Amino acid sequence: MSGWDRQQMADRLAREFQDGWIVNLGVGIPTLCSNTDIGDRDILYHAENGVIGYGPVLPAGQEDLHLVNAGGQNVSLNPGAAIVHHADSFGIIRSGRIDVTVMGAYEVAASGDFANWKLAGQLGGGIGGAMDLAACAQRVFIILEHTTRKGEPRLLRQCSLPVTARGVVTLVATNLGLFAPAGEGFAVRELAPGVSFEAAQTATGAPLLPG
Amino acid sequence: MSGWDRQQMADRLAREFQDGWIVNLGVGIPTLCSNTDIGDRDILYHAENGVIGYGPVLPAGQEDLHLVNAGGQNVSLNPGAAIVHHADSFGIIRSGRIDVTVMGAYEVAASGDFANWKLAGQLGGGIGGAMDLAACAQRVFIILEHTTRKGEPRLLRQCSLPVTARGVVTLVATNLGLFAPAGEGFAVRELAPGVSFEAAQTATGAPLLPG
Amino acid sequence: MGQRSKVFGNFTEAVADIPDGAAVAFGGFAGPGTPYNLTRALLAQGAKRLTCIANTTGGAHQPRMPDIGMLVENGQVAKVICAFTAATRPTDVLPFTPFYERGEVEAELVPQGTLAERLRAAGAGIPAFYTPTAVGTELAEGRETRVIHGREYLLEYALPCDVALIRAWRADAAGNLQFRLSQRNFCPLMAMAARTTIVEVEEPVLPAGAIDPDQVHLPGIFVHRLVPIPPAPEGLWTTRRQERAR
Amino acid sequence: MGQRSKVFGNFTEAVADIPDGAAVAFGGFAGPGTPYNLTRALLAQGAKRLTCIANTTGGAHQPRMPDIGMLVENGQVAKVICAFTAATRPTDVLPFTPFYERGEVEAELVPQGTLAERLRAAGAGIPAFYTPTAVGTELAEGRETRVIHGREYLLEYALPCDVALIRAWRADAAGNLQFRLSQRNFCPLMAMAARTTIVEVEEPVLPAGAIDPDQVHLPGIFVHRLVPIPPAPEGLWTTRRQERAR
């Protein structure tokens, strides 16, 4: 089974961004979305640390050490960028001005629940801005590998881990394709090249519904 | 009876400001405090509209139209001045960082209550920043004419008007002198030149206690 | 760039779609930050039953400038939410006052810091908060309070608005704003609290990127329409000294 | 000028009086704004039973830099209040983790926006507020919620601290600060929440008045001690490129 690599997963989701959207990118694969060529669409990338209007990650030697995205990577700024502090940055988030937040996750449920802050049996966790974003953004998109390293499904009927927020995920990109939580299962919006419906179903812990 | 004029009342209170204090000056006579020569003391004047570190009112022709104090007068800025918006300005106030606020008032009570936002029978009122300042500044000083235009006392046992805050005033400058609310009456800290204790008592609606 | 421009050619066009019944916030503290030009356009536009949010109802000084008091006189206002519903000098009678006394306009009197914080809360997605301000006063009568760490606080709710009319010094095409000195006052908070922020700008609109990202006072996220103020006498209260001197 | 200078000659002196049991906030999001030099001085100073407030406990990356993880290893920490008490990459093990698992350090996990807002509330004299964040999650279990306009919100309390350690780009003698780009992050909020704010500054301290009042990111009211960072290798993480290249 082939499928998409990490940048392709990010590119596929970035294709869904609509002209004029304000987009928040979380740590990990989601940060790759700001590398995607979005053509003539006007997309404003917001990072939780108060950077509004950033662009691609810069190569070593060209980076500005004072400027990082949510993943701690040194990014560039687009014309019209602005900087705010953390309270104003999360004010933008909580007041519903983020059109979409793209996050990584451990698990996504067919109900739209997702879990990305605490592993089973773990003491403490890593919430970061995920709960604020999940509760308040207009849309939540998730990017994750379709299965764990042990091959267990991460798209499930119900989350087994403590959730980050309930019923909020509307679109999921994995290495196998693009899926939409649909209550009883996941609607298949698109399968990655070389991935069959049956192979995707086998790797999924909930029914797949033909898109 | 002679006594102090408005600038002298302001000057007298400004003499009480201690080195390093952050001082908020309200509308009316209090704004005259920033005209007072305070010698080598380092006083930072804060205005409710977010101006931190201003100085004397500027004469016409020298003023900057973008810069006003709480009274809407065009003031100067001292070196080290900074501008914040209204929420941050009142954050400074509510978090207790104002060492003293100087306000005008209609009435002051021996209990430290004062009233400065609503006249008898008036519909609505003019609160401005007075309630925030009165509730949160470290000290509240009041400057007011000792009596109304009709000659009725404004230093009273109890306020007759709706209060701005209770039990907060510690020092009062009037045209007759400097007084401190002391529970049962007002302690006389100083009488203006030409003002006798008896004359001041006659003009006061609460016992005066020899300082 | 796919998005349409934020720059509007004139004030009339910029306020044209403000509907009857809208909650409109007006920036400004004394002159600086006050949207005189947009307010004049709103007077001409004629929207009715407005809720007007500002520090004062205006009209305390001569010469009169376009303000909430004029909107009240023009029959456009249902309610004001202000820190002053009377003048600071009790002998001044506001244009607003007779309408208020006759019950033709409603008023909510809010301490200035609480007003700023309620706007900020709306802009920050905070629905309610506690404040020490006004506890023990007439304004707190019958309202919910809570003792936290031994001190009594009053519950206050966010104050969202439909439209913010503000004035700024400079803007770029992305809508990023800079205010000069005490012009800042309530302006950024009202923009944060508003669904649509309309700005009269003193300087010509700069290209995106011309304002240092570290020196933006209000990010373009909060700004939807920009109207450059024409020179006096067409533009009101132009602060360029040479124009005022004419 | 009567007031004594805010400029301190070295980091040791600037952190000398931080007492055992203090609540200390540490600025920074990844590298920018992180007070490495002040944290190193606090490690040497040795204050115990600290409550450490920051975005993360640090220590996720090599090479190690002075951080809360090191303070934990040094036996100085009673409790952390952070948005991350585990790494974002589950395979990374934080230096903090074994101490937490053995019960030697307490931890309060707070969503990042709530952490920022709790600090801001403390700095703004707001004792508590409501937020939609974390409703319906494990973090909300057993806690007070309130339905406002039909939506459920969680009650959160202000988070004041005794000391804020932050890093800035420029400062003037009045303590006014400027941050460069994403260096700003939590730094102004922690300073507002703190009784004493101590700043490591990348550029030499400017005379009062050298920073345009409109371009101050954090007024000197919130800033008590300034320590200019010496050139590398004595100064940690100097961001001047020529020094790093050495």
Side-chain angles (χ1 to χ4, degrees), chain A residues 14-15 17-24 37-55 64 66-69 75-101 129 131-138, chain C residues 1-7 116-129 158-162 164 168 170-179 184 188-197 205-224 226:
Chain A
R15 269 175 53 196
F17 300 164
Q18 292 175 27
D19 186 37
W21 274 12
I22 300 166
V23 175
N24 178 288
D37 179 359
I38 50 167
D40 67 352
R41 282 172 294 164
D42 192 14
I43 303 291
L44 195 64
Y45 288 111
H46 167 275
E48 61 193 15
N49 59 334
V51 182
I52 304 168
Y54 65 92
D64 185 325
H66 283 120
L67 182 64
V68 298
N69 65 9
V75 286
S76 58
L77 289 181
N78 292 329
I83 305 291
V84 296
H85 60 47
H86 249 81
D88 282 347
S89 177
F90 280 85
I92 290 169
I93 293 168
R94 274 192 311 267
S95 64
R97 288 179 163 94
I98 302 295
D99 291 290
V100 67
T101 178
M131 283 189 184
D132 302 276
L133 283 157
C136 302
Q138 296 299 317
Chain C
M1 307 286 271
Q3 248 183 337
R4 68 175 176 283
S5 169
K6 294 184 177 183
V7 182
E117 192 66 11
R118 288 179 62 192
L119 291 161
R120 191 262 168 198
I126 300 296
F129 60 90
L159 181 57
C161 36
D162 298 303
R170 298 206 309 176
D172 72 11
N176 294 310
L177 300 188
Q178 288 185 315
F179 302 95
R184 208 179 312 182
L189 309 167
M190 289 173 167
M192 290 168 65
R195 255 200 290 263
T196 303
T197 297
V205 176
L206 300 164
I211 298 179
D212 181 339
D214 279 329
Q215 292 174 13
V216 170
H217 294 141
L218 182 70
I221 281 186
F222 299 108
V223 175
H224 307 92
L226 303 168

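Chain letters run A, B, ... following the sequence lines, proteins first, then strands; residues in each count from 1. Keep in mind that this is a model prediction, so the values were computed, not measured.
- Atoms CD1 and CD, on A:Ile38 and A:Gln18 in that order, are 12.5 Å from each other to the nearest 0.5 Å.
- The shortest non-hydrogen separation linking C:Met190 to C:Cys161 is O-SG, 4.2 Å.
- When all heavy atoms of C:Val7 and C:Ser5 are compared, the pair lying nearest together is N-OG, 3.0 Å.
- Taking the six-membered ring where the residue is Trp, A:His86 and A:Phe90 present parallel rings, their angle staying beneath 30° rather than reaching 60°.
- Contact count versus chain C (heavy atoms, under 4.5 Å) is highest, among A:Ile92, A:Asn78, A:Leu77, A:Asp88, for A:Ile92.
- Among residues two or more places apart in sequence or in another chain, the side-chain hydrogen bond (donor to acceptor under 3.5 Å, both in side chains) test is passed with C:Thr196 by none.
- Along residues 43-55 of chain A, the residues that come nearer than 4.5 angstrom to chain C, judged on non-hydrogen atoms, are A:Leu44, A:Ile52 in order of number.
- The residue among C:Asn176, C:Asp212, C:Leu206 with the most heavy atom pairs within less than 4.5 Å of chain A is C:Asn176.
- Along residues 116-124 of chain C, the residues that come nearer than 4.5 angstrom to chain A, judged on non-hydrogen atoms, are C:Arg120, C:Ala122, C:Gly123, C:Ala124 in order of number.
- When every heavy atom of C:Gln178 is checked against every heavy atom of C:Ala168, the shortest pair comes out as O-CB, 3.7 Å.
- Minimum heavy-atom separation, C:Leu177 to C:Ala171: CD2-CB, 3.5 Å.
- Contacts between C:Ala208 and chain A at a heavy-atom distance below 4.5 Å involve backbone atoms as well as side-chain atoms.
- Among residues two or more places apart in sequence or in another chain, the side-chain hydrogen bond (donor to acceptor under 3.5 Å, both in side chains) test is passed with A:Arg15 by none.
- The nearest pair of heavy atoms linking A:Asp99 to A:Gly20 is OD2-O, 4.1 Å.
- In summary, C:Arg195 and C:Asp162 engage in a salt bridge, as defined by a charged side-chain N under 4.0 Å from a carboxylate O.
- The CZ atom of A:Arg94 lies 4.0 Å from the CD1 atom of C:Ile126; values are rounded to the nearest 0.5 Å.
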